[in-house]
Amino acid sequence: MFNLNFSNNYRVVHINNELGNCVVGGAGTYMNELYHYRRPDTGFIYMSLGSPLDDYKVSDFMEQRDILIMNHAESYKLKEIKCDVLVVQFYEFASILDDEIIKNKKVVYVIHSVPTPEPPPVWDPFGGNNDIRLKFEKLCNIADILVCVSEAEREKLIGIYPHFEEKIRVVHNGITFSNTKEKNTNYLKSRSTFGYIGRTDYRKGILECVKALTNIDAKLRLACPKNDENYVEKILTYIEGANMQDRVEFCGWCVGERKENFLDSLDALIIPSLYEPFGYIALEAMQRGLPVICSCNGGLAEILEGYKYMFNPYVEGQLEEQIELFMKDSNEEVEKQQAILLQNLEKFSALIMVRKYEKIWDELLGEV
């Protein structure tokens, strides 16, 4: 454990497993936005769920203030944490939160994703993953307030646990965006380079995306880690069988400047998720005016309200139809859709998100 100017005398403390450069996906973007706009009375505990021998650099953690870094084996030290509100960001922390740790604290559980397979089986929404279900239920029961990151996630949670409805709040995720960022105009010259960026997970719909481009004269660039080797093997087998080796490129995991360059290289970003609780990558595309061809399931429909190039991932052929529609539409039509993206973006600023959380802290502590 090491302390980056963590005073241990906070109103609110967030416990998380993604922060700074130690990020995996959207939850990491969310945590870094909260950290950037934090108040002096807010602290952050980064807890590694990996090996106790994992090494971390101080430089991985931004301003190096108000952060406590520990590994899972040191979780017993959480009983020494002093705060009014403990905000938990991941169901895996359920096993370490005992009565001694949470006593005299209000607990908030931010549900970045109800951890079900996609689609959730009718016979059991958790698909028989009882360990995950029990951890998730424990956190939901402990929490004074549950925060969902979209209305879609709220409805999903209520559908499984209707008795939690009273303590659910919805706070859409937010992003810091710049109005001075140059708008993407690749579509004026080309509509043939598409991309996907995100985790390698069947729920992300990567294989379905590759299949949709089988009979379209276009290239697909995939920026993803090969964390699910079996799923990657399925994708590679399909690419080989369809003779698409010269049209599908694996670019590896892209962060920082590489991510910026990757997005700038595309004519449109495809977000083919079978379901997305929120969809930070849509905001990252929207802020640069990069057209998206996007699933309408989950929080994405809320982010892209009124936008044209959307499809139901469970209806065969719809993704292919939307790709072809984007490729043949006029420049004026694409510009019209860009304007919708940029207008919608205003509703998802990080400042709006942070202010909504401040109201929740006030509500919990009777300071409204």
Contacts of Q245 that satisfy side-chain contact (heavy atoms from CB on, under 4.5 Å) - sequence neighbours left out: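 Listed in chain order: I239, E240, N243.
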Residues in side-chain contact (heavy atoms from CB on, under 4.5 Å) contact with L134, at least two apart in sequence or another chain: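 If we apply the side-chain contact (heavy atoms from CB on, under 4.5 Å) test to L134, skipping adjacent residues, the hits are E137.
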Determine the minimum heavy-atom distance between [X] and [Y], stating which atoms define it.
X	Y	value
L300	A282	CD2-CB, 4.0 Å
I96	I101	O-CD1, 3.0 Å
D144	K167	O-CB, 3.5 Å
I216	A212	CD1-O, 3.5 Å
S192	D217	CB-O, 4.2 Å
I160	P125	CD1-CB, 3.8 Å

Report yes or no: does [X] contribute a side-chain atom to a donor-acceptor pair with the main-chain N or O of [Y] at less than 3.5 Å?
X	Y	value
K105	I81	yes
D41	Y10	no
E302	A152	yes
N17	M47	no
N5	Q64	yes
S113	P115	no
D267	F194	no
R258	C251	yes
R154	E151	no
S295	S273	yes

Exercise: do [X] and [Y] side chains pair donor with acceptor under 3.5 Å:
X	Y	answer
Q318	Q322	no
Y275	T116	no
T214	Y238	yes
Y187	E335	yes
R221	S265	yes
Y307	Q343	no

What's the separation between atom [atom1] in [X] and atom [atom2] in [Y], rounded to the nearest 0.5 Å?
X	Y	atom1	atom2	value
I271	L269	CD1	CG	5.0 Å
N184	Q338	CG	CD	7.0 Å
I45	N3	CD1	CG	10.5 Å
K138	F93	NZ	CZ	13.0 Å
Q89	L139	CD	CG	10.5 Å
Q287	K183	CD	NZ	14.5 Å

Salt bridge (Lys or Arg N to Asp or Glu O under 4.0 Å) between E367 and K359, intermediate numbers included: CA-CA 9 Å; E367 299 172 2; K359 289 183 179 179; over 6 Å; no
Centroid separation Y280 to Y30 less than 6.0 Å: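 When the ring centroids of Y280 and Y30 are compared, they turn out to be at least 6.0 Å apart.
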Pair F278 + H112: ring centers closer than 6.0 Å: no
Are [X] and [Y] ion-paired here, with the side-chain N under 4.0 Å from a carboxylate O?
X	Y	answer
K219	E249	no
E333	K328	no
E324	R191	no
D228	R199	no

Quick check: do [X] and [Y] have side-chain heavy atoms less than 4.5 Å from each other?
X	Y	result
F61	N21	no
E284	I175	yes
N227	W253	no
V334	Q337	no
L341	N344	no
Y357	V12	no
N130	R133	yes
K106	L86	no

If you look only at distance, which donor and acceptor atoms sit under 3.5 Å apart when one is on a side chain in residues 204-211 and the other is two or more places apart or in another chain?
unit_1	atom_1	unit_2	atom_2	d
K204	NZ	E276	OE1	3.3
K204	NZ	E276	OE2	2.9

Using 30° and 60° as the class limits, which term best fits the ring planes of [X] and [Y]: parallel, tilted or perpendicular?
X	Y	answer
Y309	F326	perpendicular
F136	Y161	tilted
F44	H14	parallel

Cluster check I69, M62: I/L/V/M/F/W/Y, side chain < 4.5 angstrom: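 Same cluster.
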Cluster check L342, L188: I/L/V/M/F/W/Y, side chain < 4.5 angstrom: no
Residue pair L304, M286: steps toward the side chain to side chain contact (heavy atoms under 4.5 Å, CB included) verdict: CA-CA 9 Å; L304 299 174; M286 289 161 68; 3.8 Å; yes
E100/Y76 under side-chain hydrogen bond (donor to acceptor under 3.5 Å, both in side chains): CA gap, chis, key distance, verdict: CA-CA 10 Å; E100 191 172 4; Y76 66 93; over 6 Å; no
Whether over 12 other heavy atoms sit under 6.0 Å from K82 NZ: no
